[in-house]
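Remarks on the structure that follows.
In this text, all values refer to a predicted model and were calculated from it rather than measured experimentally. Residues: numbered from 1 along the sequence shown.
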Amino acid sequence: MKIDKDKRLPEFKKIEHLLYGINYEVWFNLYGPLDPDLGLEEVLKSNISKNSQLSGVTPSSPENAIKEIMERVFYEGGIGSGPIELETKKEEIQLLMNKVFTLININKAELVAEFGFREGHPAYPVFWDFAYDIHSNGKRWIFVGSSSD
């Protein structure tokens, strides 16, 4: 029997706990650093899922990526779904996300592209999801997040 340990960032685990809600759950992962010279789909197939297929790639900027990620992270939900007491947790969540953004040096990224998964998404998105290809300081990071019920 093989037991895999969750090797994701401790910040993600804490944020996921803070954002837990009734009929609502979030998931984040950061893959990297990865080879910046490979094609995006090749990187996804070798690091996320052999079935990965892109559904589109859109150039972005560090500022837009951070803004769009945080809009999703702070999604309030609706009746019967969404994070519990989000307003009281926003400051702590922002601090944790800033640690992740600093780790990958997104503010100084030379290339940021948003993309979607046609196949091979590593989670089960229901309410929102995001995926970014981020190149910073000669390193490549794939940042993926989603929420489900």
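Applying the 6.0 Å contact sphere to NZ of Lys99 captures no more than 12 heavy atoms from other residues, nucleotides or ligands.
Note that the CG atom of Leu103 and the CZ atom of Phe101 stand 11.5 Å from one another [nearest 0.5 Å]. Going from atom CD of Glu119 over to atom CD of Glu41 covers 10.5 Å, rounded to the nearest 0.5 Å. Put simply, NE2 on His121 and CD1 on Ile48 are 9.0 Å apart, with the number rounded to the nearest 0.5 Å. If you take CD1 on Ile79 and CD1 on Ile22, they are separated by 12.0 Å, rounding to the nearest 0.5 Å. For the atom pair Ser61 OG and Asn107 CG, the distance stands at 10.5 Å (nearest 0.5 Å). Atoms CG and CG, on Leu40 and Leu44 in that order, are 4.5 Å from each other to the nearest 0.5 Å.
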(request) Report the C-alpha separation of Val144 and Leu30 in whole Å, then their side-chain angles, then the decisive distance to 0.1 Å, and conclude whether the side-chain contact (heavy atoms from CB on, under 4.5 Å) test is met. (result) CA-CA 6 Å; Val144 182; Leu30 183 66; over 6 Å; no
(request) List the steps, then state whether side-chain contact (heavy atoms from CB on, under 4.5 Å) holds for His17 with Ile15. (result) CA-CA 5 Å; His17 175 74; Ile15 293 166; over 6 Å; no
(message) Using side-chain contact (heavy atoms from CB on, under 4.5 Å), reason through Phe117 and Ser52 one step at a time and then give a plain yes or no.
(response) CA-CA 7 Å; Phe117 286 90; Ser52 291; 3.9 Å; yes
(message) side-chain contact (heavy atoms from CB on, under 4.5 Å), that's the test. Do Glu16 and Glu25 meet it? Break it down for me.
(response) CA-CA 7 Å; Glu16 289 169 2; Glu25 189 174 342; over 6 Å; no
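Clustering ILVMFWY residues whenever any of their side-chain heavy atoms sit less than 4.5 angstrom apart, transitively, puts Leu38 in the very cluster that holds Ile142. Residues Met97 and Leu86 share a single hydrophobic cluster, defined by chaining ILVMFWY side chains whose heavy atoms lie under 4.5 Å apart.
Formation of a donor-acceptor pair under 3.5 Å by the Ser136 side chain with backbone atoms of Asn105 is found in this model. In this structure, Lys89 contributes its side chain and Leu18 its backbone to a donor-acceptor pair below 3.5 Å. A side-chain donor-acceptor contact under 3.5 Å links Glu110 to the backbone of Asn137. When atom types are taken as modelled, the side chain of Ser81 and the backbone of Gly77 share no donor-acceptor pair closer than 3.5 angstrom.
Between Glu114 and Ser60, the shortest heavy-atom distance links the atoms N-CB, 4.5 Å. Looking at every heavy atom in both residues, Tyr132 comes nearest to Val112 through CD2-CG1, 3.9 Å. Nearest approach of Ile104 to Trp141, heavy atoms of both residues: CG2-CD2, 3.4 Å. Across Pro62 and Ala109, no two heavy atoms sit closer than the pair CG-O, 3.9 Å. Closest non-hydrogen pair, Gly120 versus Ser49, comes out as O-CB, 3.5 Å.
Note: Phe127 and Tyr24 meet the aromatic proximity criterion, with ring centroids under 6.0 Å apart. You'll find the ring centres of Phe115 and Phe130 outside the 6.0 Å limit.
In this structure, a donor-acceptor pair under 3.5 Å is present between the side chains of Ser147 and Trp128. Judged by distance alone, the side chains of Asn64 and Glu68 never bring a donor and an acceptor atom under 3.5 Å apart.
Contact check for Trp27 versus Ser148: no side-chain heavy atoms found under the 4.5 Å cut-off. The side-chain heavy atoms of Tyr124 and Asp149, taken from C-beta on, include a pair separated by under 4.5 Å. Glu92 places none of its side-chain heavy atoms less than 4.5 Å from the side chain of Leu95. For the pair Lys45/Lys50, no side-chain contact is recorded, criterion being any heavy-atom separation below 4.5 Å from C-beta on.
Between Phe143 and Phe28, the ring planes lie tilted relative to each other; the angle falls in the 30° to 60° range.
A salt bridge is absent between Arg140 and Asp35: the closest approach of a Lys/Arg side-chain nitrogen to an acidic carboxylate oxygen does not fall below 4.0 angstrom. Using a cut-off of 4.0 Å between Lys/Arg side-chain N and Asp/Glu carboxylate O, Glu63 and Lys67 are scored as not salt-bridged.
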